Amino acid sequence: MSDEANVRQFIKEFLPKDISNQIDLKEMKLIPTEKIKGYNKYYMDIAVECYISNTKGQLYFVFEHKSYPDPGVLLQILSYMTVTWDEQKKKNIPLIPIIPVVIYHGFSSWNVTTHFQGQFGLNESIKPYIPEFNYVLVDLTQIPNGEIEQRAKSTLF
């Protein structure tokens, strides 16, 4: 996935169509994944920047690969998002939306909630005070190998 053509193909074939159909894949580019906050370095697996075809806005995708169900994935994603937004704030640029994507290719079933508030046993009065975001789960274990290969070989444009 370090090749832009592969990432374009992945976005086109594996992400929900309501997202992928709006992305200008021709203008998509990989961006550096090392982020620094304080004395800590954060390394995202893959990050891309792309334009939304109907607007002049930007959108980031952060891809995270997992080979086992990781209950800490939501905090990991949240840390990537906040360090990216902190960097944008320091540069005095508007915050850019981020869509996190988890690509799972393990042996057991993915049993981790896809939304942040799902980690908490919350009653309705507490929910407004807890951040909420979801990630796109691409569970490769649920897609037959032949279909994955076919999607990967289909033409991009």
Side-chain angles (χ1 to χ4, degrees), residues 1-2 4 6-25 27-35 37 40-89 93-144 147-148 151-152 156:
M1 290 282 282
S2 61
E4 284 185 6
N6 290 339
V7 176
R8 285 184 182 98
Q9 188 68 27
F10 183 86
I11 290 171
K12 179 180 179 257
E13 294 295 331
F14 292 97
L15 293 189
K17 295 299 178 203
D18 62 333
I19 296 172
S20 63
N21 288 341
Q22 295 185 48
I23 304 303
D24 183 354
L25 293 173
E27 298 297 323
M28 187 217 77
K29 64 180 179 179
L30 293 173
I31 57 174
T33 62
E34 179 182 291
K35 304 288 182 190
K37 183 175 183 179
N40 296 321
K41 286 186 180 182
Y42 295 84
Y43 295 93
M44 296 174 268
D45 284 351
I46 296 172
V48 302
E49 177 182 77
C50 54
Y51 291 89
I52 304 166
S53 56
N54 294 334
T55 68
K56 292 185 179 184
Q58 292 181 323
L59 180 66
Y60 283 177
F61 285 96
V62 174
F63 295 91
E64 183 60 36
H65 297 89
K66 293 294 179 187
S67 59
Y68 60 93
D70 182 359
V73 71
L74 284 151
L75 282 174
Q76 181 181 10
I77 289 168
L78 183 61
S79 69
Y80 294 158
M81 294 167 82
T82 57
V83 74
T84 300
W85 289 325
D86 281 345
E87 187 177 88
Q88 292 167 359
K89 184 179 172 190
I93 60 174
L95 299 182
I96 297 171
I98 299 170
I99 296 178
V101 179
V102 173
I103 303 167
Y104 177 61
H105 54 87
F107 295 106
S108 58
S109 296
W110 185 262
N111 56 1
V112 178
T113 182
T114 59
H115 60 99
F116 193 72
Q117 288 184 1
Q119 299 182 107
F120 305 93
L122 298 176
N123 65 39
E124 291 302 312
S125 63
I126 303 295
K127 282 185 177 183
Y129 305 99
I130 303 296
E132 175 64 333
F133 69 92
N134 298 337
Y135 59 88
V136 175
L137 175 63
V138 179
D139 189 346
L140 297 177
T141 66
Q142 300 301 308
I143 304 171
E147 184 178 336
I148 292 171
R151 288 182 183 188
L156 187 57

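Computed from a prediction, not measured in an experiment: that's the story for all the values here. When reading the values below, keep in mind they use all heavy atoms of this one structure, side chains included, and skip hydrogens, waters and symmetry mates.
Of the possible donor and acceptor atoms, one in the side chain of Asn123 sits under 3.5 Å from a partner among the backbone N and O of Ile126. Judged by distance alone, the side chain of Trp110 and the main-chain N or O of Asp139 form no donor-acceptor pair under 3.5 Å. Remark: side-chain polar atoms of Gln117 are paired, donor with acceptor, to backbone N or O of Ile130 under 3.5 angstrom. For Arg8 (side chain) and Met28 (main-chain N/O), a donor-acceptor pair under 3.5 Å exists by modelled atom type.
Surrounding NZ of Lys29 are at most 12 heavy atoms belonging to other residues, nucleotides or ligands under 6.0 Å away.
Minimum interatomic distance between Ile148 and Leu140 (heavy atoms only, all atoms of both residues): CD1-O, 3.8 Å. Annotation for Phe133 and Pro100: closest pair CD1-CG, 4.3 Å, computed over non-hydrogen atoms. Taking each heavy atom of Ile23 and Cys50 in turn, the nearest pair found is CG2-SG, 3.5 Å. When all heavy atoms are compared, the tightest approach of His105 to Ser67 is CE1-CB, 3.7 Å. Residues Arg151 and Ile143 approach most closely at NH1-CD1, 4.1 Å, considering heavy atoms.
In the model, Gln76 has a side-chain atom that pairs as donor or acceptor with a side-chain atom of Lys66 under 3.5 Å.
For Phe120, the ring pair (Phe, Tyr, Trp, His ring centres under 6.0 Å) partners two or more places apart in sequence, or in a different chain, are Phe116.
For the pair Glu132/Asn134, a side-chain contact is recorded, criterion being any heavy-atom separation below 4.5 Å from C-beta on. Two residues are said to be in side-chain contact when any heavy atoms from C-beta on lie closer than 4.5 Å; Thr141 and Phe107 fail this criterion.
The side-chain contact (heavy atoms from CB on, under 4.5 Å) test with Phe63 is passed by exactly one of Val102, Val101, Ile99: Val101.
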